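Worksheet: the structure to be examined is printed underneath.
Computed from a prediction, not measured in an experiment: that's the story for all the values here. Atom set for the values below is all heavy atoms of this structure, side chains included, hydrogens, waters and symmetry mates excluded.
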Number of protein chains: 2
Amino acid sequence: MPEQLAKTVKIGVDSREATSRIPEMLRRYPDVEIDYGQMESGDFLVAPGHIVERKADSDFVASLLDGRLFPQLALMKAEHQDVILLIEGSIHSHRSMISDEALHGAMSYLTVLAKVPLIYSRDAADTAALIYRFALHLQHGLGYEIPLRTQKPKGSLSTWQQYVVEGLPGVGPGRAQGLIKHFGGVKGLFSASEASISAAPGIGPKTAAKIFEITQS
Amino acid sequence: MPEQLAKTVKIGVDSREATSRIPEMLRRYPDVEIDYGQMESGDFLVAPGHIVERKADSDFVASLLDGRLFPQLALMKAEHQDVILLIEGSIHSHRSMISDEALHGAMSYLTVLAKVPLIYSRDAADTAALIYRFALHLQHGLGYEIPLRTQKPKGSLSTWQQYVVEGLPGVGPGRAQGLIKHFGGVKGLFSASEASISAAPGIGPKTAAKIFEITQS
DNA sequence: ACTTCCGATCCTTGA
DNA sequence: TCAAGGATCGGAAGT
């Protein structure tokens, strides 16, 4: 019997959200395990300490106008270390209800001071998919590393050498060729002193220092 | 009513953005003081250590597809404490270009793992207003002060090292980290023999030969 | 970002 | 002991 040890993704759903379509959509993911329960605040517990508050666009604007929003979020932050505010719909369609200044102020306050990230979703399906991704990322990480460099060259040796050297800070195609020529190859550059790097054409002391910091270690 | 000496709000603008309409709009705020300068990464310095990267909706999707986005943000995080990604326009209009999974993954990764908040703006006027709010909040926000530490985040060196090493053929994130760890840095790798390269974890004779060809020369 | 695909690497087997 | 096989990992390319 092939024991399937697929890692599960646990998502806590508040009983108030239990009747919405979201849990049913979440259950479609085979690795999702839903845990219903009464929560004091917030809607979806996406990882320990990470709560998602789902708000319809109209609700968001309304609760902003009547002053419920910030106290409610403050309460959540007291209970959970991280709060994510997910806004379903389109704020733009409710802009006539609220001044631009108030909206900008709220967005700015939430993201830079309160550290509550805002996420927009188009509809319920979008919301479910986002909640699943949050839970997956927080509970199991990405599962791989993001490559820093992409679309690598295919060509000759010198092409590759130039590409590698271009990875150094402050070095583009021109300086890369100059450096390779000056040092007669890649090897010399990566064992050169700061002074001799600075002697290469087009390289000043500041760039030389940065390059040296990376090659030397 | 006594005169109130308004505190100024300083905003750093990268020279590439200097020609856009944003600086002109920012200058309409009487308390804003704009400081032009060349920045290595990012567009608007909204407080010490807080950089805003402005991206058009189409750019966001395009740079996501060809893999430029995350390296760019990673390098920004190596230079600044906090990065804010401001997306101008509507992502929804470009959804046909990219899979929903990828888009959700990107949004989730940015907000919960990379800790890069996403902000959406409708147009350039919106962008300017949001940038002003960020600067205002961060510089004189709600009583308490932002620590003016401008020091680079730790880990910027290793990010650059990994960036350079990933430029080698057959080397992605995993092998890059393995190589740097195995050789204790970049210098050792670039002066290593083919045999000792092959001794690194995950590197076989094929890959070792290709790496050696470039470093040796 | 995700997904799919493919080649290289590594590990186990069995002669 | 080592060659051949297959399972796994990791990078490359494409949506």
What is the distance from CD of B/E166 to P of D/dG11, rounded to the nearest Å?
-> 8 Å

How long is the gap from CG on A/D14 to CD on A/E40, to the nearest 0.5 Å?
-> 10.5 Å

So what does B/A102 touch, heavy atoms closer than 4.0 Å: a base, only the sugar-phosphate, or nothing?
-> base

Which whole-number value in Å describes the distance from B/L64 CG to C/dT3 C1'?
-> 14 Å

Take atom CZ of B/R95 and atom C1' of D/dT15, then tell me their distance rounded to the nearest Å.
-> 15 Å

With respect to the side chain of A/R133, which nucleotide from D/dG10, D/dT15, C/dC2 is positioned closest?
-> C/dC2

Whichever of B/S99 and B/G170 has its nearest DNA chain D nucleotide further upstream toward 5' = B/G170

Are B/S20 and B/E17 close enough that a side-chain donor and a side-chain acceptor fall under 3.5 Å?
-> yes

For the pair made of CG in B/L65 and C1' in C/dT3, what is the distance, rounded to whole Å?
-> 13 Å

To the nearest Å, give me how far apart CG (B/D66) and P (C/dC2) are.
-> 16 Å

Nearest to the side chain of A/L142 - D/dT15, D/dG11, C/dC2?
-> C/dC2

Take the protein atom CD1 of B/I98 and the nucleotide atom C1' of C/dT3, then report the distance between them rounded to whole Å.
-> 12 Å

So, is B/H104 close to the C/dT3 phosphate, meaning a side-chain N or O under 4.0 Å from OP1 or OP2?
-> no

Using a cut-off of strictly less than 4.0 Å, decide whether A/T150 has a side-chain nitrogen or oxygen near OP1 or OP2 of D/dA13.
-> no

Is there a donor-acceptor contact under 3.5 Å linking the side chains of A/D126 and B/H104?
-> yes

If you check the B/P205 side chain, which of C/dT9, C/dT3, D/dA13 turns out closest?
-> C/dT9

Establish, with yes or no, whether the OP1 or OP2 oxygen of D/dA12 is under 4.0 angstrom from a side-chain nitrogen or oxygen of A/K152.
-> yes

Taking the side chain of B/R175 as its heavy atoms from C-beta onward, which of D/dT15, C/dT9, D/dA13 lies nearest to it?
-> C/dT9

Flag for B/Q177-A/E145: side-chain donor and acceptor within less than 3.5 Å | yes

When rounded to whole Å, the CD1 to P distance for the pair B/I197 and C/dA8 reads 17 Å

Counting side-chain heavy atoms from CB outward, which of C/dT9, C/dC2, D/dT15 is closest to A/Y144?
-> C/dC2

Between C1' of D/dC9 and CD1 of B/I203, the distance in whole Å | 12 Å

Could you tell me if the ring centre of B/Y109 sits under 6.0 Å from that of B/F70?
-> yes

